[in-house]
> 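Provided herewith is a single structure, encoded as structure tokens, for subsequent inquiry.
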2 protein chains.
Amino acid sequence: MGGSRIGEQGDGVLRLTKKADYGLMALKYLAEHPDSVSVSAKDIADTYGIPPQLLAKVLQRLTKVGLLRSHAGMNGGYALSRQAQQISAFEVIHAIDGPLFITSCTKGSKSCDLEPNCTIKEPLARVNESIAGVLKSISVYDLVDADTAAARGQDGLVTLLHSQAV
Amino acid sequence: MGGSRIGEQGDGVLRLTKKADYGLMALKYLAEHPDSVSVSAKDIADTYGIPPQLLAKVLQRLTKVGLLRSHAGMNGGYALSRQAQQISAFEVIHAIDGPLFITSCTKGSKSCDLEPNCTIKEPLARVNESIAGVLKSISVYDLVDADTAAARGQDGLVTLLHSQAV
DNA sequence: TGAAGTGCGACAAATTTAGTCCTATACTGA
DNA sequence: TCAGTATAGGACTAAATTTGTCGCACTTCA
Ligand code: SF4
Ligand code: SF4
């Protein structure tokens, strides 16, 4: 195992995929340009230097899930289907990369084969919920207005913690 | 892109590595057997069906970082170097998989090339801190006594949120 | 009708993770 | 003192995932 050499590790565990990253950037861009009726994938890709075809797929997925409205043809493109405040980072990531599970088990298609005698599955599920909570408390709007994000995130998280078991 | 087919996604984003999983299981096991002076990697691996050599590496890393004490030779093995309550999930994951960064950038070896004109880097760094906070509030002891984990986790998180910006 | 879009499946490349092998070294006890 | 058991760790292979590309069908509009 390459990464097994004791002195060093490949940095960035629990990493978001690039696609999720791209999706968030695109949504932020759309939130910042409410004037434009619709923006094409290519426009956004060019602005940030993202591979256009890849971003297109991401936006297609976000459209399919209902976070975006799309319009084909000339001057076509995408637009937010809701207010930026109403779209959470969790929804975006979920739409792009699927359900957020920190473990390989957790009722998905392929569960790990040592699930039967695994003893940390349950506690980790709780941790998973906490992390999901953090992501749910962040909206696309928070990405735009970074200064208010801290306050909103904090409030959101605290109320979340008070209303459900962690 | 295989995973790009619109209808489905590879499930489990933000996933922990197996190695981190193994490490947590092993630490839990050690916490549950304080009677034993030391437990060998093979013993733990056999109990859970983990590849022994791989677990050995994980335990070696945990030892190097000071979370475990090791002892070679017959009847040798590993033991916790601190109380289970004093070892956070964050430390374990950090030791095994390196710094926890949800983004590819964040001052590590290789930052993503669209960092200059990326606008979501800053907000995501905050999210990253929140997630790290969740992991820091969970101890190995919480994995053992799952019932108290909820309470402890909640307290830990709330106080964390009150003491630092999210 | 043709240029500019989206929608989507298949494919290839790159990267990361998982797991194995092999050797060296340390300790233990008969 | 020597055989056996265990940690320490580097090198390597294999599997899985992520990332990116192509090609084509379909839509819209000037
Ligand atoms: S069953 Fe246990 S080891 Fe397997 S993925 Fe779930 S938590 Fe990790
Ligand atoms: S896109 Fe932005 S946030 Fe994501 S890794 Fe690159 S610089 Fe960091």
Side-chain angles (χ1 to χ4, degrees), chain A residues 1-23 37-45 49-65 68-79 96-98 104 109-110 112-114, chain B residues 1-23 37-45 49-65 68-79 96-98 104 109-110 112-114:
Chain A
M1 189 193 308
S4 270
R5 63 194 180 289
I6 291 294
E8 202 219 324
Q9 317 95 329
D11 76 351
V13 73
L14 280 182
R15 204 170 38 242
L16 233 48
T17 62
K18 287 255 184 194
K19 284 192 290 189
D21 235 22
Y22 297 160
V37 175
S38 73
V39 184
S40 76
K42 189 175 179 309
D43 284 348
I44 302 176
I50 300 172
Q53 310 230 51
L54 188 48
L55 180 61
K57 295 212 164 194
V58 170
L59 297 182
Q60 281 163 30
R61 197 119 85 189
L62 293 174
T63 302
K64 185 153 205 179
V65 109
L68 293 179
R69 281 179 298 102
S70 69
H71 190 66
M74 257 183 135
N75 302 320
Y78 301 88
I96 297 173
D97 283 327
S104 317
S109 36
K110 51 190 126 174
C112 110
D113 30 330
L114 26 72
Chain B
M1 187 191 313
S4 270
R5 63 195 180 289
I6 290 294
E8 202 218 325
Q9 318 95 329
D11 75 352
V13 74
L14 280 181
R15 204 169 40 242
L16 233 47
T17 62
K18 287 259 185 192
K19 284 191 289 188
D21 236 23
Y22 296 160
V37 175
S38 72
V39 185
S40 75
K42 188 173 181 305
D43 285 348
I44 302 177
I50 302 173
Q53 310 231 50
L54 188 48
L55 179 62
K57 295 211 165 198
V58 170
L59 296 182
Q60 281 164 31
R61 198 120 83 189
L62 293 175
T63 302
K64 186 155 203 176
V65 108
L68 294 180
R69 280 179 299 106
S70 69
H71 190 67
M74 254 184 139
N75 302 319
Y78 301 88
I96 298 174
D97 284 325
S104 316
S109 37
K110 53 190 120 172
C112 112
D113 32 328
L114 26 71

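In what follows, chains carry the letters A, B, and so on, assigned in the order in which the sequence lines appear, proteins first and then strands, with residues in each chain numbered from 1.
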> Taking atom P of dG5(C) as reference, at what distance in whole Å does atom CG of Leu59(A) sit?
13 Å
> Does a side-chain N or O from Ser40(B) land closer than 4.0 Å to OP1 or OP2 of dT5(D), or not?
no
> CZ of Arg15(B) to CG of Asp97(A): how many Å apart, nearest 0.5 Å?
10.0 Å
> Donor-acceptor pair under 3.5 Å: do we get one between Gln53(B)'s side chain and the base of dC22(C)?
yes
> Below 4.0 angstrom from OP1 or OP2 of dA8(D), is there any side-chain N or O of Ser70(B)?
yes
> Whole angstrom is fine here: how far is it from CD1 in Ile96(B) over to C1' in dT16(C)?
17 Å
> Over how many whole Å does the gap from Lys57(B) atom NZ to dG10(D) atom P extend?
8 Å
> Leu59(A) pairs by side-chain contact (heavy atoms from CB on, under 4.5 Å) with which of Leu68(A), Val39(A), Leu54(A), Ile96(A)?
Leu68(A)
> What's the CG-P distance between Asp21(A) and dT19(D), to the nearest Å?
9 Å
> Assign Ala41(A) to base, sugar-phosphate, or nothing according to its heavy-atom contacts below 4.0 angstrom with the strands shown.
sugar-phosphate
> What pair of heavy atoms forms the shortest contact from Ala56(A) to Tyr78(A), and how long is it?
O-OH, 4.0 Å
> Can you tell which of dC27(C), dG7(C), dT18(D) lies closest to the side chain of Ala72(B)?
dC27(C)
> Between dT21(D) atom P and Leu55(A) atom CG, what is the distance in whole Å?
12 Å
> Calculate, to the nearest 0.5 Å, the distance between atoms CD1 and CG belonging to Ile50(B) and Leu55(B) respectively.
5.0 Å
> For Tyr22(A) and His71(A), find the nucleotide of DNA chain D closest to each by heavy atoms; which residue's nucleotide sits nearer the 5' end?
Tyr22(A)
> Tell me: CG of Leu14(B) to C1' of dT18(D), nearest whole Å?
14 Å
> Check the distance between dA13(C)'s C1' and Leu54(A)'s CG and give it to me in whole angstrom.
13 Å
> Taking all heavy atoms of Gly23(B) and all of Val58(B), pick out the closest pair and write down the distance.
CA-CG1, 3.7 Å
> Whole Å only: how far is the CE atom of Met74(B) from the P atom of dT28(C)?
11 Å
